[in-house]
Protein chains: 2
Amino acid sequence: MHFETFTMSENLLSMMSSDTIKLSKSDKKIVTIIQRNPKQVIHYSIATLAQMAEVSEPTVNRFCHKLGCDGYPDFKLKLAQQLSSGSHLFVDNMERNDDTYTVMQKIMESIQSSVQLIGKSTSPESINQAASLLLDCNSVSFFGMGASGPVALDAQHKFFRFGMPVIAHTDYINQRMICSMLNEKDVSVFISYTGRTEAIVESARLARDRGAPTIGLTRDGSPLASCCNVVLNAVTAEDTDLFTPMTSRIIHLALIDMLATTVALRMGDQLEENIKAIKTNLRATRRLS
Amino acid sequence: MHFETFTMSENLLSMMSSDTIKLSKSDKKIVTIIQRNPKQVIHYSIATLAQMAEVSEPTVNRFCHKLGCDGYPDFKLKLAQQLSSGSHLFVDNMERNDDTYTVMQKIMESIQSSVQLIGKSTSPESINQAASLLLDCNSVSFFGMGASGPVALDAQHKFFRFGMPVIAHTDYINQRMICSMLNEKDVSVFISYTGRTEAIVESARLARDRGAPTIGLTRDGSPLASCCNVVLNAVTAEDTDLFTPMTSRIIHLALIDMLATTVALRMGDQLEENIKAIKTNLRATRRLS
DNA sequence: TCACAAAATGTAATTAACTTTCACTTTGGT
DNA sequence: ACCAAAGTGAAAGTTAATTACATTTTGTGA
């Protein structure tokens, strides 16, 4: 839940708007100036900002401390980082008359912040545990439906290249059939952002009841999560109707990349042989002109 | 190719390594310290950095000016911005003994910078043109093989929800059959990161020869690109054996999101009806407990 | 409405950070 | 070996940021 790399207590700009912290009258004057043009503020001295907000310098300084910064220079630094890391995004939903450039920016920012969130919400331990299961099994099955169907297929493709006996099921009937045949050496991975898709939850329960190790690519605390031995927690930055279906798939793919890479690194030499074999075969299908 | 949002004269870190500027002996000592841990340097005072590099404070100051900064604080600010904008990442490939946390970080950073790159390498115009084609056609087909197969299926799912007559083909034989039957009202979208997959390039040529509008989700200048009426340029930040296959899919998905959203916004009211219908039907498959 | 404590704010002093000046040292060319 | 040019650092100068403390404002209960 907390694996900060670049210390980033919180998003300063959103902190100022939302009332996570109690702001005095003077503080609000400061906020106004900052919000008017954050990119410029980072070049102001404390004196300049104080003057513009029509408050005293110590007030600005205290304001910075309230926001969890170590002083004014530290505040400027953090603000600068957040502005250029894209973690500012108030990314409101699309507007009917957004131009394409704006649409691109909003989607990019939405992805950015969701990716950043992985580092905070998904623990390396869970990935390690999942990797251990995958390294010690006879077969792997990925299950996904709807938007998660392509994710399951992508996972299949990825692990398939490692030379693992893997298969993806996007078909409800097939899922049921497979799940009722699993045993304790058959790992199954269930993919669902909401973790509430009836069919997937039932399949997961079926698998677990048969003693097969189950991995959930879903959000912690969901019905699906409670049927899984290991959960790779997948949440997106903001749960808006429009952005979630976009970013959730991408987050799932990113998690699969992490899982696959971890597995690959642990496989060591054995893997390189497999990869090399596939690459050689693939070359024939490419045109070099 | 150039849609910068935040002005950014140059990349400081690369400026230090490459000899774009003449560095003295003392300067090099400073560079060493900075490169050793850039993220930490931004919290140093000029005195601290000077001491660590075993040079005087004025030397550090002059060094900053050489790099085109307005002084030491300005240097720190710019460095901080660049570090968190992702324009740094040397993200070297995975190391055999990276721990899982490091793996996660590397993958995250790799995605981050590739996503940012979309804004610079893919033009809104190309997306607009592609959207126009999709809005004025009788059917849409997505073509992808290998790692791009799931991407095609994902696109299918997305546009399917808009109520468009769409189908994804991941099968070589089917692709050929479909392509030889297309006409000028059938849009086809070809997905390939390298743009060199023989089968896809041939299909695209087939489609174009029949007068069908073709869209390429590939890199500019590739063989596939030259067979397409519209190209959505997809490149990833660094072309390493390990990262490219990860980020390329994600970039493709992001571009599809942008395309789909643009189409959706232009469809307007008509769309909302379709989405609403699907949502209502979907609710029955969820468990609410 | 007044009194009073608590919070907020500003003034002024202090401290820290950064920059400039200038004298000294090193470097590279003759 | 000499000398100019470039590089460097000590110390002074300047600016910026913080702290300490006095003043004002705000809110609460008699």
Side-chain angles (χ1 to χ4, degrees), chain A residues 7 9 12 15-35 37-83, chain B residues 9 12 15-17 19-35 37-83:
Chain A
T7 44
S9 47
L12 290 178
M15 220 178 196
M16 292 180 210
S17 342
S18 70
D19 44 3
T20 38
I21 233 154
K22 202 185 139 219
L23 292 180
S24 73
K25 209 186 297 176
S26 303
D27 291 339
K28 278 173 195 150
K29 284 201 270 184
I30 301 172
V31 168
T32 307
I33 299 295
I34 295 172
Q35 285 182 332
N37 196 342
K39 283 184 192 165
Q40 202 152 356
V41 170
I42 59 177
H43 295 115
Y44 292 167
S45 72
I46 192 171
T48 311
L49 179 54
Q51 192 184 341
M52 298 198 98
E54 294 177 308
V55 298
S56 71
E57 298 180 26
T59 302
V60 175
N61 193 290
R62 282 186 284 257
F63 171 77
C64 297
H65 281 283
K66 270 191 202 171
L67 262 56
C69 300
D70 212 14
Y72 180 70
D74 185 51
F75 166 79
K76 279 207 300 188
L77 213 59
K78 284 186 173 146
L79 186 61
Q81 285 180 316
Q82 291 180 7
L83 285 177
Chain B
S9 51
L12 290 178
M15 219 177 193
M16 291 180 211
S17 339
D19 46 4
T20 40
I21 234 154
K22 201 187 141 217
L23 292 179
S24 72
K25 208 186 299 175
S26 302
D27 291 339
K28 279 173 194 149
K29 285 200 269 183
I30 300 172
V31 169
T32 307
I33 299 296
I34 295 172
Q35 285 181 332
N37 195 341
K39 283 185 189 166
Q40 201 152 355
V41 170
I42 59 178
H43 295 114
Y44 292 168
S45 73
I46 192 171
T48 312
L49 178 55
Q51 193 184 343
M52 297 198 98
E54 294 176 309
V55 299
S56 70
E57 299 180 24
T59 301
V60 174
N61 193 286
R62 283 185 284 256
F63 171 76
C64 297
H65 281 283
K66 270 189 202 171
L67 263 54
C69 300
D70 212 14
Y72 181 69
D74 185 51
F75 166 79
K76 278 207 301 190
L77 212 61
K78 285 189 172 142
L79 185 62
Q81 286 180 312
Q82 291 180 7
L83 285 176

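Convention: sequence-line order gives letters A, B, ...; per-chain numbering from 1.
Closest-nucleotide positions on DNA chain C for A:Ser24 and B:Gly71 were compared, and the one nearer the 5' end corresponds to A:Ser24.
B:Thr59 has a side-chain polar atom (N or O) that falls below the 4.0 Å cut-off from OP1 or OP2 of D:dG9.
Under the side chain to side chain donor-acceptor pair (under 3.5 Å) criterion, B:Ser56 pairs with B:Thr59, sequence neighbours left out. B:Lys66 meets the salt bridge (Lys or Arg N to Asp or Glu O under 4.0 Å) test with B:Asp27; sequence neighbours excluded. Under the side chain to side chain donor-acceptor pair (under 3.5 Å) criterion, B:Ser45 pairs with B:Thr48, not counting sequence neighbours. With sequence neighbours excluded, the residues satisfying side chain to side chain donor-acceptor pair (under 3.5 Å) with B:His65 are B:Asn61. For A:Gln40, the side-chain contact (heavy atoms from CB on, under 4.5 Å) partners are A:Asn37, A:Tyr44, not counting sequence neighbours. Looking at residues two or more places apart in sequence or on another chain, you find a side-chain contact (heavy atoms from CB on, under 4.5 Å) between A:Pro38 and A:Leu13, A:Leu83. With sequence neighbours left out, A:Gln51 forms a side-chain contact (heavy atoms from CB on, under 4.5 Å) with no residue at all. Take B:Asp70 and apply the side chain to side chain donor-acceptor pair (under 3.5 Å) test, not counting sequence neighbours, and it matches no residue.
Separating the CG atom of B:Asp27 from the P atom of D:dA6 is a distance of 15 Å, rounded to the nearest angstrom. When the P atom of D:dG9 is taken as reference, atom CD of B:Glu54 falls 10 Å away, rounded to whole Å. Note: CG (B:Leu23) to P (D:dA6) measures 16 Å, nearest angstrom. Computed from coordinates, the A:Leu49 CG to D:dA17 C1' distance equals 13 Å when rounded to whole Å.
Residues A:Ile34 and A:Val41 approach most closely at CA-CG2, 3.7 Å, considering heavy atoms.
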Could you walk me through whether B:Phe63 and B:Val31 satisfy the side chain to side chain contact (heavy atoms under 4.5 Å, CB included) test, starting with their C-alpha distance in whole Å, then the side-chain angles of each, then the deciding distance to 0.1 Å, before giving a yes or no?
CA-CA 9 Å; B:Phe63 171 76; B:Val31 169; 3.7 Å; yes
Passes side chain to side chain contact (heavy atoms under 4.5 Å, CB included), A:Ile33 versus A:Lys29? Steps please.
CA-CA 7 Å; A:Ile33 299 295; A:Lys29 284 201 270 184; over 6 Å; no
What pairs of nitrogen or oxygen atoms, one from the protein and one from nucleotides 23-25 of chain D, lie under 3.5 Å apart?
none

Name the pairs: protein N/O against N/O of nucleotides 10-16 of chain D, kept only if under 3.5 Å.
none

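B:Lys22 comes within contact range of the sugar-phosphate backbone alone, with a heavy-atom separation under 4.0 Å but no base atom that close.
First and last contacts of DNA chain C with chain B, using any nucleotide atom under 4.0 Å from a protein heavy atom and ordered 5' to 3', fall at C:dC18 to C:dT27.
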